[in-house]
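Each chain gets a letter, A, B and so on, in the order its sequence line appears, and its residues count up from 1.
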Amino acid sequence: MTATDIPAPAPVPAAPAHGELHGPVLAWFEQHARDLPWRRPDAGAWGVMVSEFMLQQTPVSRVLPVYEQWLARWPRPADLAAEAPGEAVRAWGRLGYPRRALRLHGAAVAIAERHGGDVPDDHAQLLALPGVGEYTAAAVASFAYGQRHAVLDTNVRRVFARSVTGVQYPPNATTAAERRLARALLPGDASTAARWAAASMELGALVCTARNEECGRCPIASRCAWRLAGKPAHDGPPRRGQTYAGTDRQVRGKLLAVLREAVAPVPQAALDAVWDEPVQRARALDGLVADGLVEPLDGGLYRLPLA
DNA sequence: CATTCGTGGGG
DNA sequence: TCCCCAAGAAT
């Protein structure tokens, strides 16, 4: 670490111009928090970590059943680490973005090898695990270990954008200003900070939603900068939409679905049947192999990876 | 910093 | 029907 690596001190707002948000949001959370399995006391850090992987871009309702199956089958990181990675991909089912299954398996292996089988409680060590980025590291450290971290997910970003900044939506990519704001709003006490992280996230998930927000149920509606400004519509570049039909992603999904259902190696012909355009089909299959999601065998056979 | 990476439900 | 979006990470 050299002097040039030390970031300039972030300007700290002299006084919060947005008033006190913690009290109302924490009280609301007390009353309205969902009883989700990964929030139960017995979930443990591994349960929290599994849930965070699955919830990366997948709604709670679809995660719930798969989460229960995973924790029943692999109650500890070492249990998953002992399995073939392909089993993780198979058990991932249709949650989407199956590379997450591979990374979760990789994280379990790393935890078994480097951390004695226990999910690390250190943010930097969490961040070093495959599939763990800034959000997930902060979430596990906060939710599982009660530490003080800014947990900045899409829900929290939207809540802050509206209630504090006064705009309908946060920027497309997370900005330094958002991180600075999240840190400034973080309660000083670790246990309160952890509850604040969960509460602000829950508010975004249940009330301050992307569409059809329910300000009538919001505990901070009277202080919300966006609402007080008359809820001006989002201006600026359109929020990046994700096309899907006809993309490689769709082809990869169809190919992998065949392999997930198969108990034995699948012949090339069975994969060829899912997409008629041969160039794109080949590119998609190559991509799956390159990602380690598919293992090619001799004789034009394919299967989920054994190692 | 922009792209890529699945899947399904709701408005 | 079509479009939007859902507790992001890696490159």
message = The side chain of A/Ala210 is closest to which nucleotide in this list: C/dC5, B/dT4, C/dA7?
response = C/dC5
inquiry  = Tell me if the side-chain of A/Arg249 makes a donor-acceptor pair with the base of B/dT7, cut-off 3.5 Å, by modelled atom types.
reply    = no
ask   = Can you tell me how far P of B/dC5 sits from CH2 of A/Trp92, to the nearest Å?
value = 17 Å
query = Is there a donor-acceptor contact under 3.5 Å linking the side chains of A/Trp226 and A/Gln168?
reply = no
task = Search all heavy atoms of A/Asp189 against all heavy atoms of A/Thr192 and return the closest pair with its distance.
result = OD2-OG1, 2.6 Å
key: Phosphate OP1/OP2 of C/dA7 contacted by A/Arg100 side-chain N/O (<4.0 Å)   = no
message = Work out how far the P atom of B/dG10 is from that of C/dA7, and round it to whole angstrom.
response = 14 Å
ask   = Separation of A/Arg62 atom CZ from C/dC5 atom C1', in whole Å?
value = 11 Å
request  = Find the distance A/Glu52:CD to C/dG8:P and express it as a whole number of Å.
outcome  = 9 Å
task = For A/Leu102 and C/dA9, give me the distance from atom CG to atom C1', rounded to whole Å.
result = 14 Å
remark   = Here the residues of residues 263-289 of chain A within 4.0 Å heavy-atom distance, strictly under, of DNA chain B are none
task = Mind running side chain to side chain donor-acceptor pair (under 3.5 Å) on A/Tyr135 and A/Glu52 for me, showing each step along the way?
result = CA-CA 9 Å; A/Tyr135 162 76; A/Glu52 291 303 337; 2.8 Å; yes
task = Would you mind classifying the nucleic acid contact of A/Arg103 as base, sugar-phosphate or nothing, using non-hydrogen atoms under 4.0 angstrom?
result = sugar-phosphate
query = At under 4.0 Å between heavy atoms, what does A/Leu36 touch on the DNA or RNA strands: base, sugar-phosphate, or nothing?
reply = base
message = Using a strict heavy-atom distance below 4.0 Å, which residues from residues 133-161 of chain A are in contact with DNA chain C?
response = A/Gly133, A/Glu134, A/Tyr135, A/Thr136, A/Asp153, A/Thr154, A/Asn155, A/Arg158
ask   = Going by distance alone, is a donor N or O of one side chain under 3.5 Å from an acceptor N or O of the other, for A/Gln56 and A/Thr136?
value = yes
task = Write down the distance between CG (A/Asp248) and P (B/dG6), rounded to a whole number of angstrom.
result = 9 Å
query = Taking atom types as modelled, is there a side-chain donor on A/Glu20 or A/His22 under 3.5 Å from an acceptor on the other?
reply = yes
inquiry  = Roughly how many Å apart are C/dT11 and B/dG6, using the P atom of each and rounding to a whole number?
reply    = 14 Å
query = Within the distance-only criterion (no hydrogens, no angle test), does the side chain of A/Arg217 pair as donor or acceptor with the backbone N or O of A/Glu213 below 3.5 angstrom?
reply = no
request  = Take atom CD of A/Glu178 and atom P of C/dG8, then tell me their distance rounded to the nearest Å.
outcome  = 13 Å
request  = Go through the side-chain N and O atoms of A/Tyr302 and A/Gln268 and say whether any donor and acceptor fall under 3.5 Å apart.
outcome  = yes
request  = Could you work out which one of C/dA7, B/dT7, B/dG6 sits closest to the side chain of A/Val60?
outcome  = C/dA7
remark   = From CD of A/Gln57 across to C1' of C/dA9 the rounded distance in Å is 9 Å
note = In short, salt bridge (Lys or Arg N to Asp or Glu O under 4.0 Å) pairs touching residues 130-146 of chain A with sequence neighbours left out are none
request  = Quick one: label A/Arg99 by what it contacts on the DNA or RNA (base, sugar-phosphate, nothing), any heavy atom closer than 4.0 Å.
outcome  = base
key: Pair A/Arg100, A/Thr58: side-chain N/O donor-acceptor within cut-off below 3.5 Å   = yes
task = Can you see which heavy atom on A/Asp248 is nearest to which on A/Ala284, and at what distance?
result = O-CB, 4.3 Å
query = Atom CZ of A/Arg252 and atom C1' of B/dT3: how far apart are they, to the nearest Å?
reply = 13 Å
key: Minimum-distance nucleotide (side-chain atoms of A/Tyr97 versus C/dA7, B/dG6, C/dC5)   = B/dG6
